[in-house]
Amino acid sequence: MSSEVGTLPARVNSSTRVRFAPSPTGRLHIGGARTALYDYLLARQTEGAFVIRIEDTDRKRYVPGAEEEIYEVLSWLGMEWNEGPDVGGPFAPYRQSERADIYLAHAEQLVDSGHAYYCFCTAERLASVRKEQQARKKPPRYDGLCRRLNSEEALNRKHVGESHVIRFKTPRQGKTTGVDVIRGEITVENATLDDYILLKSDGLPVYHLAAMVDDHLMEITHVLRTSEWLPTFPLHVLIYEAFGWEQPAWVHMSVLLNPSGKGKLSKRHGSGGAHAVYPLELKELGYLPEAVVNWLALMGWSYDDRAEFFDMPDLIRKFSMVKLNASPAAVNFSKLDHFNGLHIRSLKQEDLAKRLVSHFHAADLEVTEAELAPIVPLIQERIRTLNEAVEMSGFFFRDTVQPDPQQLIGKNMSAAESAAAVSRSTELIQGFDRLDAESLELALRGLADDLDLKVGQLFGILRVAVTGQRVSPPLIETMEILGMGLVLERLNRAAELLDSLE
RNA sequence: GCCCCCAUCGUCUAGGGGACUAGGACGUGGCCCUUUCAAGGCCAAAACCGGGGUUCGAAUCCCCGUGGGGGCACCA
């Protein structure tokens, strides 16, 4: 393990602390889940702490229930956390809205040390300044009006209660360099940076202040975030420097792109269907958490030129930050299907039966794990999602099936010939005490021979008769499980349907 | 408009100067197996964005161009 992370700062092997810091502003999507996964893998691999921090300083964008969904998704995917708003921890509270006083104190500390200043400009003035700059094709930036205020005047205005924010006093000259684990040095001219607001007029911080303060206070050693933070990365370096803090290891991973490769993954692609972008949606569609984890891990990270099938313990062992890919990755849903199939097939039969239950229930089929048990071996290697099991084997649990009469006609056969085949099959089956696969198959193959039919012709008719479907689990085993009663019943029904065609 | 990042098959990627007739996976096509559908096995098509350098030698290093992505809020 040490060789895989050997190029990273030495503290990797001491006590690593990694945090997943989502905003409860909407549903957690697969991009967020992937970030959390990498956080988790790094923490577990180094036997460090995985921390959840809720970044809810924007009261306007707060979405009730979003925080709960975050916990639900992480739990479902199998990432247990060591510290967080719900479980507490040595650095509580872990919800930024509950830490307002901390940020205020730190912002004022920066004012005192000359690294920040009070700004009394109104939103209207800022908007007009920005508009004017854009009209002149100039980069929109704060014009520095309040930066020039002397501290005495600023303090006075503050004390009489004038609404204000605290801005960072970004150096006007020079450049700032930050070091990223996967991209190396990122350098930016300070002049292209802004005097960013650190503390809003409502007294709450913006990300730039809150995240830096918390990462330091919570002793976070590795900051993993997506590359959309690259433009303000140097600002964050500057903030750390202003406080005189030691920087964490910065890791800016690539973003996820839409399946088309055009643009950042959008929610629009989600909502039902094959392109669900929310993990919880994937769960409902019948994807295994193991498969989702496997799939997510491989979008922007790779192990070697061969292995791809991983479970969580594998990933914990094999993960390496330096193997994170710097370029954006388009999500590939067909690969998720593939992984899901692989993971379904690697499940123990009892386990698969257990997981199938809720999906049958969702389709109004009240089945039990025990009833599913004999079906599982028949479908395990045929399904790619849990929901497909319902489509494929739901007929086992319905009182009747509704075959399409036309489909009851055998290949290259007439309706009458097909009806005859059904009636001969019925007679044959009536001769059984009970249906056992071995002798039933022998008998049915013999019958096909007698009728001068190909096995596929006869079986095709019986398949549709008995299951109501053209695609089903293997016919013989299916009939065995269904039992004589149901098989005969459905055969009779098929005979009627065939007769009605003539 | 300005700033930052990125660039190998359709997609995810291996590759860190010679091991490259560029490897794997998904998807696609074909064959085998076969009671349907799968699964499995075999095979095939499919890529180093362009141009300059550096070097005996470049997918690998540098520069420019182009393309793609991201950012430019009292959002994160």
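Just the heavy atoms: all of them, side chains too, but no hydrogens, waters or symmetry mates, feed the values below. Here is how names work: the chains are called A, B, and so on, in the same order as the sequence lines, proteins then strands, and each is numbered from 1.
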Student: Which whole-number value in Å describes the distance from A/Ile182 CD1 to B/A7 P?
Tutor: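 Rounded to the whole Å, the gap is 11 Å.
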Student: Rounded to whole angstrom, note down the P distance from B/C64 over to B/C6.
Tutor: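 Per the computed distance, 14 Å lies between those P atoms.
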Student: Let's test this: given Watson-Crick or G-U wobble pairing with both distances under 3.5 Å, identify the partner of B/G29.
Tutor: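 Partner of B/G29: B/C43.
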Student: Is A/Pro234 touching bases, backbone alone, or none of the nucleic acid, heavy atoms closer than 4.0 Å?
Tutor: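 The residue A/Pro234 makes no contact with any strand.
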Student: Quick one: label A/Leu336 by what it contacts on the DNA or RNA (base, sugar-phosphate, nothing), any heavy atom closer than 4.0 Å.
Tutor: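 Nothing, no heavy atom under 4.0 Å.
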Student: When you check the phosphate oxygens OP1 and OP2 of B/G40, does a side-chain N or O of A/Arg345 lie under 4.0 Å from one of them?
Tutor: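 Yes, A/Arg345 has a side-chain N/O under 4.0 Å of OP1/OP2 on B/G40.
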Student: Between atom CZ in A/Phe339 and atom P in B/U13, what is the gap in whole Å?
Tutor: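 Rounding to the nearest Å, CZ of A/Phe339 and P of B/U13 are 12 Å apart.
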Student: Heavy atoms only, 4.0 Å cut-off, all strands: where does A/Asp337 land among base, sugar-phosphate and nothing?
Tutor: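 Nothing: the residue A/Asp337, judged by heavy atoms under 4.0 Å, touches no strand.
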Student: Please enumerate all residues that pass side chain to side chain donor-acceptor pair (under 3.5 Å) together with A/Asp436, with sequence neighbours excluded.
Tutor: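 Counting only residues at least two positions away or on another chain, A/Asp436 forms a side chain to side chain donor-acceptor pair (under 3.5 Å) with A/Ser439.
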Student: With both distances kept under 3.5 Å, what pairs with B/C2, Watson-Crick or G-U wobble?
Tutor: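 B/C2 is paired with B/G71.
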Student: From CG of A/Leu230 over to P of B/C3, roughly how many Å is that when rounded to an integer?
Tutor: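 Distance, rounded to whole Å: 16 Å.
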Student: Starting from P on B/U11, measure out to CH2 on A/Trp301 and report it in whole angstrom.
Tutor: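 Whole-Å distance recorded here is 22 Å.
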Student: Identify the nucleotide, in any strand shown, that forms a Watson-Crick or G-U wobble pair with B/A38, with both distances under 3.5 Å; if there is none, say none.
Tutor: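 Partner of B/A38: none found under 3.5 Å.
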Student: Let me spell it out: for each of A/Leu475 and A/Met299, pick the nucleotide of RNA chain B with the closest heavy atom. Which residue's pick is nearer the 5' end?
Tutor: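 Here A/Met299 is the residue nearer the 5' end.
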Student: Can you tell me how far P of B/C12 sits from CE of A/Met253, to the nearest Å?
Tutor: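 These atoms are roughly 17 Å apart.
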Student: Counting only side-chain nitrogens and oxygens, does A/Lys454 get under 4.0 Å of the OP1 or OP2 atom of B/U34?
Tutor: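 Result: no.
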Student: What distance, rounded to whole Å, do you find between the two P atoms, one in B/C49 and one in B/C31?
Tutor: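 Between the two P atoms, the distance is 35 Å.
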Student: Go along nucleotides 60-76 of chain B 5' to 3' and tag each nucleotide: B for a protein heavy atom under 4.0 Å from its base, S when only backbone or sugar atoms are that close, - otherwise.
Tutor: ---------SBSSSBBB
Student: Within less than 4.0 Å of OP1 or OP2 of B/U13, is there a side-chain N or O belonging to A/Asn332?
Tutor: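 Checking B/U13 against A/Asn332, no side-chain N or O comes under 4.0 Å of OP1 or OP2.
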Student: What is the separation between atom CZ on A/Arg445 and atom P on B/U34, rounded to the nearest whole Å?
Tutor: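 For the pair A/Arg445 CZ and B/U34 P, the rounded distance is 10 Å.
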Student: Quote, to the nearest angstrom, the P distance that separates B/U55 from B/C72.
Tutor: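 Pairwise P distance, B/U55 against B/C72, rounds to 44 Å.
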Student: Can you name the residues that form a salt bridge (charged side-chain N to carboxylate O under 4.0 Å, His left out) with A/Glu132, not counting sequence neighbours?
Tutor: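 With sequence neighbours excluded, A/Glu132 shows a salt bridge (charged side-chain N to carboxylate O under 4.0 Å, His left out) to A/Arg136, given in chain and number order.
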Student: Using purine N1 to pyrimidine N3 plus N6-O4 or O6-N4 for Watson-Crick, or N1-O2 and O6-N3 for G-U wobble, both under 3.5 Å, which nucleotide pairs with B/A19?
Tutor: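 When the pairing criteria are applied, nothing turns out to pair with B/A19, so the answer is none.
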Student: Under a 4.5 Å cut-off applied to non-hydrogen side-chain atoms, are A/Tyr207 and A/Glu55 in contact?
Tutor: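 A side-chain contact exists here, since the closest heavy-atom pair is under 4.5 Å.
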Student: Suppose we call two aromatic rings close when their centres sit under 6.0 Å apart. Are A/His208 and A/Phe168 close by that rule?
Tutor: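 Between A/His208 and A/Phe168, the centre distance exceeds or equals 6.0 Å.
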Student: Is it possible for you to check whether A/Arg167 lies under 6.0 Å from the centre of the six-membered ring of A/Tyr142, through NZ or CZ, and within 45° of that ring's axis?
Tutor: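 Cation-pi check for A/Arg167 and A/Tyr142: passes.
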Student: Please check: side-chain N/O of A/Asn387 versus main-chain N/O of A/Leu285, any donor-acceptor pairing under 3.5 Å?
Tutor: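 Indeed, once roles are kept as given, a pair shorter than 3.5 Å links the two residues.
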Student: Looking at A/Ser302, I'd like to know whether one of its side-chain N or O atoms comes within less than 4.0 Å of OP1 or OP2 on B/A14.
Tutor: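 Yes, because at least one side-chain N or O of A/Ser302 sits under 4.0 Å from OP1 or OP2 of B/A14.
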Student: Tell me, which pairs form a salt bridge (charged side-chain N to carboxylate O under 4.0 Å, His left out) where one or both residues lie in residues 468-478 of chain A, sequence neighbours left out?
Tutor: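 Passing the test, one end in residues 468-478 of chain A: no pairs.
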Student: Could I get the full list of side chain to side chain donor-acceptor pair (under 3.5 Å) partners for A/Arg424, not counting sequence neighbours?
Tutor: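 With sequence neighbours excluded, A/Arg424 shows a side chain to side chain donor-acceptor pair (under 3.5 Å) to no residue whatsoever.
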Student: Within the 4.0 Å heavy-atom criterion, would you say A/Leu298 contacts the bases, only the backbone, or no part of the nucleic acid?
Tutor: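 Sugar-phosphate contact only.
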Student: Take atom CD of A/Gln407 and atom C1' of B/U35, then tell me their distance rounded to the nearest Å.
Tutor: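 Value for this atom pair: 16 Å.
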Student: Assign A/Arg463 to base, sugar-phosphate, or nothing according to its heavy-atom contacts below 4.0 angstrom with the strands shown.
Tutor: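 Contact class for A/Arg463: base.
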Student: For the residue pair A/Phe120 and A/His164, categorise the inter-ring angle as parallel (less than 30°), tilted (30 to 60°) or perpendicular (more than 60°).
Tutor: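 Because their plane-to-plane angle lies in the 30° to 60° range, the rings of A/Phe120 and A/His164 count as tilted.
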Student: What is the ring orientation for A/His236 with A/Trp229, classed by angle as parallel under 30°, tilted 30 to 60°, or perpendicular over 60°?
Tutor: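 The rings of A/His236 and A/Trp229 sit tilted, inter-plane angle from 30° to 60°.
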Student: Across the strands shown, which category fits A/Lys411 at heavy-atom distances under 4.0 angstrom: base, sugar-phosphate, nothing?
Tutor: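 No contact.
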Student: To the nearest Å, how far apart are A/Phe459 CZ and B/U35 P?
Tutor: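 From A/Phe459 CZ to B/U35 P: 8 Å.
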Student: Is B/G65 paired to anything, Watson-Crick or G-U wobble with both distances less than 3.5 Å, and if yes, which nucleotide?
Tutor: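 Its partner is B/C49.
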Student: Going by heavy atoms closer than 4.0 Å, what residues in residues 378-391 of chain A are next to RNA chain B?
Tutor: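 Within this stretch, A/Glu381, A/Arg382, A/Arg384 sit under 4.0 Å of the strand.
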Student: On a whole-Å scale, what distance lies between the P atoms belonging to B/U21 and B/U60?
Tutor: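 About 15 Å, rounded to a whole number of Å.
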Student: Between A/Trp301 and A/Tyr38, is the ring centroid distance below 6.0 Å?
Tutor: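 When the ring centroids of A/Trp301 and A/Tyr38 are compared, they turn out to be at least 6.0 Å apart.
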